[in-house]
Amino acid sequence: MTTSAIGTAFEADWAEWHRGQEARLADPHGFLAITALHWLGPEPERFDDAPGAWSAGPDGVTVVLDAGEELVIEGEPVTGTYRFAPIPERGGVNAVWGDAVIEVAKRGGFDIVRPRHPGNALRTAFRGTPAYPPSREWVVTGQYRAFAEPEPTTVGASVEGLEHVYDAPGEITFELAGAEQRLTAFPGKAPGSLTVLFTDATSGVTTYAANRALQVPAPAADGSVVLDFNRAANLPCAYTDLATCPLPPARNRLAVAVEAGEQIPFERR
């Protein structure tokens, strides 16, 4: 295989990843479809973008639907009073209402309702996400070190006053810009994989100020890992104030400029 063919395959793989990122974000019920973030309390409340009166207590979330109102939950239509089982932290249930999805979730210890409407202007006007051209310069090998026990790590959130707690399984060290770098890792989406939240010298300049996320495949038997910063991705809070994204741990603020991955969305410029 020629060098140009290798480069072409590398760039094509990145382009496919980037298209997938944008497709998930702009899904008819993705984050760009969210119309509001409602924090639930003990007193029932009605909202313009969701049916029923909603409340939350120690036993979970309750919705009381008026005559003629209906939700579809796990494929079953429900009317009247419906009580959701307690939702675990970072968990959620989607209830269908016509062409909308009403997300019922728990974030930072609070029960929330986030309606998602396909016709939301943020979604229909979405132009994609600008990004740096992919370069092999930003694919680096690091070393993963597992902690003796997962370390509970509290981080802030894009919503003021909210906190998230993650059990960090270990840390990754690697070299960048001629210096050793170190990042605390959180559990990833796939079994054994890792997620790294970070900022760097481009944050607030060419990339979103609050955070970016990097998915890292499971470490090899010798602890080596590959970090492809070309795939440093925006979290939903880069696009909407209605997300509750975690911020990076304080130690995950790199002094170097990582000129790779996704940049500040058009919506924030």
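Residue numbers start at 1 and run along the sequence shown.
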If we only count heavy atoms from C-beta on, is the L71 to V96 side-chain gap below 4.5 Å?
-> no
Is there a donor-acceptor pair closer than 3.5 Å between any side-chain N or O of H18 and the backbone N or O of E262?
-> no
Verify the neighbour count for atom CZ of R90: are there more than 12 heavy atoms of other residues, nucleotides or ligands below 6.0 Å?
-> yes
Using modelled atom types only, decide if a donor and an acceptor are shared between the side chain of N230 and the backbone of G261 within a distance under 3.5 Å.
-> no
Which is it for E180 and R182 under the salt bridge (charged side-chain N to carboxylate O under 4.0 Å, His left out) test, yes or no, and what are the steps along the way?
-> CA-CA 7 Å; E180 183 180 86; R182 189 179 304 270; 3.0 Å; yes
Would you verify whether the NZ or CZ of R253 falls within 45 degrees of the ring axis of F198 while also being under 6.0 Å from that six-membered ring's centre?
-> no
Smallest separation among heavy atoms of Y132 and V258, with atom names | CE1-O, 4.3 Å
Donor-acceptor pair, H29 side chain versus D99 backbone, under 3.5 Å?
-> yes
Residues R268 and D241 bridged, charged N to O under 4.0 Å | yes
Just wondering, more than 12 heavy atoms not from D222 lying within 6.0 Å of its CG?
-> yes
Got a sec, which hydrophobics cluster with I34, joining ILVMFWY side chains under 4.5 Å apart, including via others?
-> L25, F31, L32, L37, W39, F110, I112, L122, F126, V159, L162, Y239, L242
Ion pair check, R212 and D200, cut-off under 4.0 Å = yes
Would you say T199 and L254 make side-chain contact, with heavy atoms under 4.5 Å?
-> no
Under 3.5 Å, is there a donor-acceptor pair between the Q263 and T207 side chains?
-> no
Between the main-chain N or O of L65 and the side-chain N or O of Y82, is there a donor-acceptor pair closer than 3.5 Å?
-> no
Does the N252 side chain pair with the main chain of L183, one donor and one acceptor, at a distance under 3.5 Å?
-> no
Thinking salt bridges, do R145 and E171 make one under a 4.0 Å N-O criterion?
-> yes
Under-4.0 Å salt bridge between R116 and E103 | yes
Take D13 and E11 through the test side-chain contact (heavy atoms from CB on, under 4.5 Å) and record every step on the way to the result.
-> CA-CA 5 Å; D13 286 347; E11 292 163 2; over 6 Å; no
Which heavy atom in C245 sits nearest to a heavy atom in N211, and how many Å separate them?
-> CB-ND2, 4.1 Å
Looking just at side-chain N and O atoms, do T35 and N120 make a donor-acceptor pair shorter than 3.5 Å?
-> no
With a 4.5 Å limit on heavy-atom distance, are the side chains of I172 and L194 in contact?
-> yes
Indicate yes or no for a side-chain donor-acceptor contact from T124 to the backbone of A121 under 3.5 Å, with no hydrogens or angles considered.
-> yes
Test item: H117 side-chain N/O and D49 main-chain N/O as donor-acceptor pair under 3.5 Å | yes
Less than 4.5 Å apart, any side-chain heavy atom of P219 and any of S224?
-> no
ring-ring contact (aromatic ring centres under 6.0 Å, His included) pairs, two or more places apart, involving residues 246-269 = none
Given the rule that I, L, V, M, F, W and Y join up when any side-chain heavy atoms are under 4.5 Å apart, are I87 and W54 in one cluster?
-> yes
How would you list all residue pairs meeting ring-ring contact (aromatic ring centres under 6.0 Å, His included) that involve residues 144-191, not counting sequence neighbours?
-> Y166-F186, F174-F229
Determine the minimum heavy-atom distance between A168 and T153, stating which atoms define it.
-> CB-OG1, 3.6 Å
What is the minimum heavy-atom distance between G142 and L227, and which atoms define it?
-> N-CD1, 3.9 Å
Do V104 and D111 pass the side-chain contact (heavy atoms from CB on, under 4.5 Å) test, and can you show the C-alpha distance, the side-chain angles, and the key distance before you say yes or no?
-> CA-CA 7 Å; V104 186; D111 291 301; over 6 Å; no
Look at the side chain of R19 and the backbone N and O of W14, then say whether any donor-acceptor pair between them is shorter than 3.5 Å.
-> no
State plainly whether the residues R46 and E69 are in salt-bridge range, i.e. N to O under 4.0 Å.
-> yes
E22/R24 ion pair, N-O < 4.0 Å = no
Closest heavy-atom contact between P115 and H38?
-> CD-CD2, 3.8 Å
Can V225 and Q143 be said to form a side-chain contact (heavy atoms from CB on, under 4.5 Å), step by step?
-> CA-CA 6 Å; V225 292; Q143 189 69 27; over 6 Å; no
